[in-house]
Amino acid sequence: MTATIWPALAALLVSAAGVLGLLLAEKQWAVIAIVIAAGVAMLVATRLGWDDRIRRSGGAHACTVSGVALALVVATAFVLREHNFALLMLCTVLLTIVAGLGLTIQFGHAGVVNFAGAAFFGIGAYAAAVLATKTALPHPLVILAGGVCAALIGSVLVLPLLRTRGHYAALITIAFGILFKTFLEVNDTLGGPQGLKVPGFALLGHAFNDPIAIDDETEWSFYLAYAGLSLVIAAAAYVLVRRLERSWIGLAFDAVRLDETAAAAFGVNVAAWKIAAFSIGNFLIGLAGAAYAMMTGFVAPTSFTFGDSLILVSIVILGGLGNALGLVPAALIVVLLPEKLQAIQEYRFLLFALLVIVILLVRPGGLLPRPMRDYSAGEIR
Amino acid sequence: MDPGLLAQHAFNGLMLGVIYALVAVGFTLFFGVLDVIKFSHGDVVMLGAFTALAVSAGLTGAGVMSHPLVLLAMLVIAITLMAVVGALLARLLVLPLRGAPAINVLLITLMAGTVIREGVRLFYPQGSNPKPFPRLLPGGTIEIGSFTLRHDSAILFVIGVAAIVGVYLTLARTRLGLAIRAVAQDPETAAAMGIPLTATVLATFAIGSALAALAGVVNGLYYSEISFNLGLLLGAIGFSAAVVGGLGNVYGAILGGFLFAALQTIGAVALPFASAYKDVFAFAAVIVLMALRPAGLLAERSAERI
Amino acid sequence: MKFASLFVALVIALAGLPVEAKDTVRIAFIGPLTGGVSANGLGGRNSADLAVRLRNADAKAPYTYELVVLDDECKPNVGVQVATKAAADNGIVAGVTHYCSTVAMAAVEVYRKFGLPVVVWGAVLPDITYANDYKEVHRVNGTMINQNEAAARFMTGLKFKRWAVIHDTTDYGKGHNKYFSEDLAKNGGQILGTFGVTADQQDFSAELTKIKELKPEVIYFAGLTPIGVRIRSQMDKLGVKAVFQGTSGIVSDAFIEGLGPLAEGVVAFREGAPAEKLPGGRAFLDAYTKQKYPDDPEAYGPFAFAAATLIMDAIDRVGPDRKKVRAELNRTRDYDSIVGKITFDDRRQNAVPLITRFVVQDGKWLVWEDSDYASGKRALVKK
C-alpha cells in the first residue's frame, strides 16, 4: 500500500506558514499564539495518528516532498527579501541545523558524544577569519577549509575518545571545549578576547555584503544572498546525512552505537567508524561555523563557550536524537524563540527553560523521535 | 620556596578539594543509582547557599544575634530544603524520563538548573549582584611565618571532611546504604529482592542534594560571598572530578575532587607560563588522564561487561 | 504612566477640546539583561527608561518616545543579532547601546551598514570609537586610556612603588592591564607580577598566595564587580595586606554590598563627574528612586540616562530622521548632561576631561577629595 502525498504536503505547508509567521511576528501575543498553536497542532496530530500518516506519506514520496520543502524555504526567503533581521534569523536557523546535523551523526547515529560543538563551530569560524584575511583562497574553499580544520583539530581527541565511552568520553569533549575557549582568550595570536573581524563572503565578484539593488526604488536585503548560501550548505548537509543514514555506513554506525561488542564480533571496525562519524560531524559543524562567521563578520571567544555547546546538544536532543528532520523544529525553538521573547527581556531565559522542560515531559523522546529502521516494505527507509 | 607559603598553597588546595569533593559525590551517587547525569546539581549548590543566606537574613531581621544558633538554623533549613528539592527533581523530571535516551535527562536537568539560576537572579532581592555571606564562625587567625590559617577555614575543612565521612558511613553501614548499593549494582535484582526502587532513588537524590546544600553553605562561609551563577563552574568541575575519579565510586569522586583542586593550584603556582593558562592546563591534564585511565582512576569493577 | 496619559487623552477627547496627537518615535536600548554582568545592564536599562519616561511626561516635548529594549547577553554573536534587529528596523531612529566592549566591537559594523546612529553608554575599549571612523558611533563615557593615566599618576603620587596586577582575561581586563602597566612604568611604579584570571573564577587563593610572597603595596585589579568582590574578600582570608585598587568596573553599589566592612579603603577610578556632584545628577538619582526600579542604576546608569537624553534632544530638534539625527549628534559640543559637559571629538568620542577618584569610606563610594583619606584622618595603609 502506498501512501498518498497529501498528508506530507499539508504538514509542510502548515509548518512553513507557521515559521513565516513566527519570523515576521512583532507583537508578543502573536508569538505566543503561534507557539501555542504549534503545540496544540502537534498534540492533536499525535493523538489522531496523523504524525504516522505524515511520516509514511513523506517516506513514500521522499524526492517530491524534499523538493517542495526546499521550494518552500526559498519562497520564505523571498517573501522576507526586504526584512534584514528575519533573514538573518533564517540564516542562523539554517546554519544551526547544519551544526546539528554534524552532532546528529556523532550522537545520534554512531553514539560518539561531543560536548564541544561550540568549540568546533569556533574552529571553523576562526579558520574562516584567518584564511579570508590572510590568503586569497576563493571563499567557497574558505568555508570548506573551515570544516576541514575542525575535522583535523578534532582528530587530536580521537585517541582518548576511542578508549573511553559514555560519560567518560563526554568529559573529554567538555574539557576540550573549555580549554579551547580559555586558550583563545589568554593567547593573543588570534585576537585574544577582542576577537577578529571576518570579511564578508564573495562569489564570482559579487560581495554578499552589498544589498541587492533591483531598481532605484527597491533594494533587497544582502542577507538574501546569505540565505541562499546557508540553504545550499544546509540542503547539501541534509542530503549527505540522510544518504549516510540509509546506506550500509549508516547501518555500521547504528551497530557501533547499539552494541560495540556485537558489532566487533560481526566484523564491524568499531574504531574506524567512530573516527569517521566524529570527523564527518566535526566537518559539518566547522562548515557551519565558517559560514556563520563570514555572515556576521566577527568572531570572539565568548561566542564559543561550554554553554553554547550545551545549546547545540539541546537542539539535537530536543529534535529527537538521531532524527535529522527533528532538528528543524528544535533549531527553530532554540534559536528563534529566545530572540522572539525579547519583549519580556530579563525573564525570557526562565520561560524558555520551562518550555523545554514541558516539551521533554510531554515528549520524552524529543519532538520527532527517530523512527525504527523498517525493512518490512522491502526497502530501507 | 618558603615552607609557610608551601603550607598555604597546600591548605588552599585541600579546602578547594573538599568543596569539589562534596559536589562530586552527589554526581557519583546519582549516576550510581540511575546511570544519569544530573546537570542541575551545581545550581542546587547555589540554591542551598541562597537558602542559607535568606535564613540568616530572616533570623537577623527577627533579632536573633547568636551566631551558633543562626548557623545551625541555616544548615538545618538549607539541607532539609535541598534534600526535598533534590527528591522533587528526581520525582518530577528524572524518573519520568526513564524510558528515553539517558542523554535526555541531561537536557531536562540542564534546563531545571537554568530555571533555578534565573529564578534566583530575578526573584531574590538584587539577585543579579554578588551577595555578602555572613561570617558566622570565629574569625581569629593562626599565623606561623607566612602561613595564615583562619579559624573559620579550619572549622569548615573539618565540617566538609566529616560530611564526606558521614556519607561514606551511611553507604557502607546502614540499611539505606545497602539498598542504594544494591540498586546501583542491579536495579532489577534489587527490586526482585524487595528493595523499593523509587524510594531508594529518591533517598539517594535527597542525600546528594543535601550534600550540595552543605557544599553551598561551606562555599559561602569560606569565600564570604555568593552569586547566582556560582553553580555553573562548580557543577562542571564537580562533574569532571566525579568522572576522573570513576563514576559510581564514592572514593573516586573524593579523589577526583582533590586531584582537580591540586591541578588548578599547581597550574596557577608552579607552572612557568602565565597563571591565566591554569584552566587550559587543568583540562588538558584531564584529557590525558582519561586517555590513560579510560574509566576513571578508580574504575567501577563491573563497568566493563566484556 | 501609560494608563494615566491614556486617561488624560480620553478626558480631553471627551471634553471636545482639540488635541494635538504626538508622533511616537522609537529608540533602542541594548545591554546585557541576562547572565553574569546583568546588574549593570539592568541598571542601564532602567536609567534609559527613566529618561524616556521623564521626556514623555513633559507636555512640551514634540514627540512621544518608546524605548525598544534588547538583550545582548554580553555575547558578540547575540549582539550582532539584536543590533541587526534594531538597525534593520527603520522605525527605530537611534540607539543607546552596549556595556560589553567585545559586543560593541562586533555591533558597530552593523550600525555602520544600516546607518543607525548609536551612543555607547558603557563599553570602555578605545577601539570602539578609535579603530574605525564610523559616523554612526558615538560614546558618552570615557575610554580606559583616560582612566589609567589618571590612576597611575594619582597612585604614584601617593608614594606607592610596588604593584601586583590581577586582570580578568576579557578585553576589559586585558586592555586595562595594558594601559595601566604602560602608564605606571612612565610614572616610576614597579609591577612585581601579573596574573590573568577567568571572569567566572571562584577561587583566587593560589594567585593571592603567590602575591603574598611578592609583598606588593598595592594590588591593581582590572575586572568587574563579581570577581572584584571575591578577590578582595579572599585577600583578607589569606592575610594579604595591600591596598586594593580597582577600575571603573568595581565602582558599583554591588561591590560594597558584596563586601560589607571589607570594602573600606578600596580605591577606584571612573571617568566623568559623579552624578551626585552635578546639579542634574541629584535629580536623576531622586527620580530613579521614585520609580522604584528593583535594581540600582550602577556606575554606568547615569551614562545611559545621558545618552538617551542626548539622543532625544537631537530628535526633538531635527525630527525622527536617522541621517539628520546622526549629523546632529556628530555636532554635539558643550552639551549639558548629568555626567558633565559632553563634547565629541573628531571620532565622536566624548572628551571626558575629568577622571573621578573614588575611595570607599564607611560603606559608600566617596570622591577622594571629600574623604577622610585625603584629609589625612585615615590612611590607606594601616600602621
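Remember, predicted model here, so these are calculated numbers, not experimental data. Below, all heavy atoms of this structure are taken into account, side chains as well, without hydrogens, waters or symmetry copies. Just so we're on the same page: letters track the sequence lines, and every chain starts at 1.
Interface remark: B/E118 contributes side-chain atoms only to the contact with chain C (heavy atom separation under 4.5 Å). Neither the backbone nor the side chain of B/D152 comes within less than 4.5 Å of any heavy atom of chain C. Contact annotation for C/L42: only side-chain heavy atoms (C-beta onward) come within less than 4.5 Å of a heavy atom of chain B. Heavy atoms of B/S224 lying under 4.5 Å from chain C belong to its backbone as well as its side chain. For a residue to count as touching a neighbouring chain, one of its non-hydrogen atoms must lie under 4.5 Å from one of that chain's; by this rule C/N40 does not touch chain B.
The existence of a salt bridge linking B/R150 and C/D236 is confirmed by a sub-4.0 Å separation between a basic side-chain nitrogen and an acidic carboxylate oxygen.
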Output side-chain donor-acceptor pairs under 3.5 Å for residues 58-71 of chain B, partner residues at least two apart or in another chain, one line each.
{"residue": "B/T60", "atom": "OG1", "partner": "B/S56", "partner atom": "O", "Å": "2.5"}
{"residue": "B/S66", "atom": "OG", "partner": "B/L69", "partner atom": "N", "Å": "3.3"}

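For a heavy-atom cut-off of 4.5 Å, chain B lies close to C/T225, C/P226, C/V229, C/R230, C/S233 in residues 225-233 of chain C. At a heavy-atom cut-off of under 4.5 Å, chain B is reached by C/T169 from residues 161-182 of chain C, listed in order of number. Within residues 238-254 of chain C, the residues approaching chain B closer than 4.5 Å by heavy atoms are, in numerical order, C/L238, C/G239, C/K241, C/A254.
Heavy-atom pairs under 4.5 Å with chain B were tallied for C/G260, C/S205, C/P294; the largest tally goes to C/S205. Residue with the most contacts toward chain C among B/N229, B/T265, B/L234, B/L16: B/L16 (heavy-atom pairs, distance under 4.5 Å).
Distance check: B/L232 CG to C/Q202 CD gives 11.0 Å after rounding to the nearest 0.5 Å.
B/E225 places none of its side-chain heavy atoms less than 4.5 Å from the side chain of C/Q234. At least one side-chain heavy atom of B/R121 sits under 4.5 Å from a side-chain heavy atom of C/T34. Using a 4.5 Å heavy-atom threshold, the side chains of B/R135 and C/L262 count as touching.
Listed here is the closest heavy atom pair of B/Y222 and C/K237: O-CD, 3.1 Å. For C/L259 against B/P132, the heavy-atom pair with the smallest separation is N-CB, 4.4 Å. Annotation for C/T209 and B/Q8: closest pair CG2-CG, 3.4 Å, computed over non-hydrogen atoms.
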**Report entry** Steps toward side-chain contact (heavy atoms from CB on, under 4.5 Å) verdict (C/D203, B/M15)
**Finding:** CA-CA 10 Å; C/D203 187 278; B/M15 192 62 216; over 6 Å; no
